[in-house]
A.B. asks: 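Take this structure first; my questions come after.
Residue numbers start at 1 and run along the sequence shown. Please read these numbers as outputs of a predicted model, since none were measured by experiment. In listed order, ligands and their atoms are each counted from 1.
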Amino acid sequence: MSKENKHPQLIKGGIHADHRGQISFVNDMKFKTIERFYIISNSAENPLRAWQGHKIDNKYFYCMQGVIRVYFVKVDNWESPSKKLKVESVVLSANQSNILHIPEGYANAIESLEKDSKLISFSTLPLSRISEDEVRFENGMWAI
Ligand SMILES: Cc1cn([C@H]2C[C@H](O)[C@@H](COP(=O)(O)OP(=O)(O)O[C@H]3O[C@@H](C)C(=O)[C@@H](O)[C@H]3O)O2)c(=O)[nH]c1=O
């Protein structure tokens, strides 16, 4: 059976504004497989959080405040990945209300492009299984 071609995808949402205020939504986001969520806010001194690799966990990233660039790399070999792997990225903004889905098999890096930017991350793997999933690489592993 052919391996499903799972590449990061943007799940488009929208924003409704009227005299009462504003609603940001992503109607097509499904939570059946979500196990937990957390919110990342990088410090002003370290605006770039790189690199977290995930063999199993899927990430659904949503920018709640400010602007954040998410980089991702398809890891070819977890023990000794090539330094020449293609780095792709997507900019998420609180003014656009989109979710970036990064499937398993990728390393990600999170860069805050504005002060006090906040990213909510929905994960499909319970924290108890992190040890079989997460592989950390140093900041300079893949050039940003
Ligand atoms: C991510 C996460 C962390 N924590 C706690 C435990 C941990 O000691 C502390 C710091 O977490 P981390 O060191 O994993 O944070 P970090 O190194 O920023 O890694 C996180 O960044 C995102 C981009 C990822 O892809 C995940 O791997 C996630 O672990 O926060 C939770 O309790 N629940 C969570 O879901």
A.B. asks: Side-chain contact test, heavy atoms from C-beta onward, threshold under 4.5 Å: evaluate it for Phe61 versus Ile110 and give yes or no.
C.D. replies: yes
A.B. asks: Check for a donor-acceptor pair, side chain of Asp76 on one end and backbone N or O of Ser82 on the other, with a separation under 3.5 Å.
C.D. replies: yes
A.B. asks: Determine the interplanar angle of the Tyr60 and His101 rings, folded into 0 to 90°, and report it as parallel if under 30°, tilted if 30 to 60°, perpendicular if over 60°.
C.D. replies: parallel
A.B. asks: For Phe72, run the side-chain contact (heavy atoms from CB on, under 4.5 Å) check against Lys59, His7, Lys86 and tell me which one passes.
C.D. replies: His7
A.B. asks: Lys83 side chain to Met141 main-chain N or O, any donor-acceptor pair under 3.5 Å?
C.D. replies: yes
A.B. asks: Taking only residues two or more places apart in sequence or in another chain, which ones pass side chain to side chain contact (heavy atoms under 4.5 Å, CB included) with Val135?
C.D. replies: Lys55, Trp78, Phe137
A.B. asks: What are the distances between nitrogen or oxygen atoms of ligand 1 and protein nitrogen or oxygen atoms, counting only those under 3.5 Å?
C.D. replies:
from, atom 1, to, atom 2, distance (Å)
ligand 1, 13 (O), Arg136, NH2, 3.2
ligand 1, 14 (O), Arg136, NH2, 3.0
ligand 1, 17 (O), Arg136, NH1, 2.7
ligand 1, 17 (O), Arg136, NH2, 3.2
ligand 1, 18 (O), Arg49, NH1, 2.5
ligand 1, 25 (O), His54, NE2, 2.8
ligand 1, 25 (O), Asn108, ND2, 3.2
ligand 1, 27 (O), His54, NE2, 3.0
ligand 1, 27 (O), Glu134, OE2, 2.0
ligand 1, 29 (O), Glu134, OE2, 3.0
ligand 1, 35 (O), Arg36, NH1, 2.5

